[in-house]
Amino acid sequence: MSTNELIENDWDVEERRAYERYSVEFYLCVYNRDTDALMGHIVDISLGGIQLLSETPIANGEQFRFRMDVSLESGRKETIEVEAQSVWHDEDVNPGFFNTGFEFLNLSPGALKTIKATIKDIVGSL
């Protein structure tokens, strides 16, 4: 997929950069709340969404109910439950893996608080 195809979605360039993204340098697993299946691992996270690395391609426009089990170097362990919609996808540089960008939908105040705390932990460990 070309760079132009990745940019062509419902977000304009300004909106795509509305939230600072933070790279995750440890495994942060994401599960489908409806099936309990592992969906993949987070590559980066922001207040607006996540980039997920998975073994299965995910089409644009699919909505999921995710559970993220957070276990950071600080020792903090929490579960974040969110709804998200896929907005872009691409093959990863590693064969057999795929990257998908998800936008959070209807974040609860609790989920937003935990995502902010997770980002704070990530920034502290950089």
Side-chain angles (χ1 to χ4, degrees):
M1 181 174 285
S2 72
T3 304
N4 290 337
E5 287 176 83
L6 290 176
I7 293 174
E8 290 178 12
N9 58 42
D10 293 338
W11 294 4
D12 62 22
V13 174
E14 285 183 33
E15 188 174 355
R16 288 177 57 96
R17 292 184 176 82
Y19 299 101
E20 187 168 353
R21 297 177 185 165
Y22 299 93
S23 295
V24 177
E25 296 182 10
F26 49 85
Y27 279 109
L28 187 52
C29 298
V30 176
Y31 298 89
N32 182 320
R33 285 176 28 209
D34 297 324
T35 65
D36 218 25
L38 176 66
M39 295 292 297
H41 299 92
I42 294 179
V43 174
D44 66 40
I45 188 168
S46 74
L47 296 178
I50 58 173
Q51 179 181 336
L52 190 71
L53 177 68
S54 65
E55 294 181 10
T56 306
I58 300 170
N60 292 354
E62 290 193 46
Q63 290 188 9
F64 292 93
R65 293 172 2 114
F66 287 144
R67 182 184 86 241
M68 296 180 271
D69 294 330
V70 178
S71 181
L72 301 173
E73 291 180 13
S74 66
R76 188 172 61 84
K77 294 183 180 185
E78 291 191 40
T79 297
I80 306 170
E81 294 185 347
V82 298
E83 293 179 23
Q85 179 173 326
S86 57
V87 293
W88 63 265
H89 66 275
D90 195 5
E91 287 186 43
D92 191 64
V93 295
N94 297 303
F97 290 93
F98 303 88
N99 290 297
T100 305
F102 287 92
E103 173 186 20
F104 293 137
L105 304 172
N106 309 314
L107 271 183
S108 70
L112 180 60
K113 180 180 176 183
T114 305
I115 291 168
K116 285 180 179 179
T118 301
I119 290 171
K120 184 178 178 183
D121 273 4
I122 291 168
V123 171
S125 67
L126 294 179

Working to the nearest 0.5 Å, report the span between [atom1] of [X] and [atom2] of [Y].
| X | Y | atom1 | atom2 | result |
| --- | --- | --- | --- | --- |
| E78 | I115 | CD | CD1 | 11.0 Å |
| T79 | K77 | OG1 | NZ | 10.5 Å |
| N99 | Q51 | CG | CD | 4.5 Å |
| S46 | I119 | OG | CD1 | 6.5 Å |
| S108 | K113 | OG | NZ | 11.0 Å |
| L52 | H41 | CG | NE2 | 9.0 Å |

Side-chain contact, heavy-atom cut-off 4.5 Å: [X] with [Y]?
| X | Y | result |
| --- | --- | --- |
| I50 | V82 | no |
| S86 | E62 | yes |
| F64 | I58 | yes |

Check your understanding: For the hydrophobic clusters of this structure (ILVMFWY residues joined by side-chain heavy atoms under 4.5 Å, transitively), does one cluster hold both L112 and I45?
Key ->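 As far as the 4.5 Å side-chain criterion goes, I45 and L112 are connected within one cluster.
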Restricting to non-hydrogen atoms, name the atom on [X] and the atom on [Y] that form the minimum distance, rounded to 0.1 Å.
| X | Y | value |
| --- | --- | --- |
| T56 | F98 | C-CD1, 3.7 Å |
| L107 | L47 | CD1-O, 3.9 Å |
| Y31 | D69 | CE1-OD2, 3.4 Å |
| V70 | L28 | CA-CD1, 3.7 Å |
| G61 | Q85 | CA-NE2, 3.7 Å |
| V30 | M68 | CG2-CG, 3.8 Å |

Check your understanding: Would you find a donor on one side and an acceptor on the other, under 3.5 Å apart, between the side chain of N94 and the backbone of F97?
Key ->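 Checked: no pair found.
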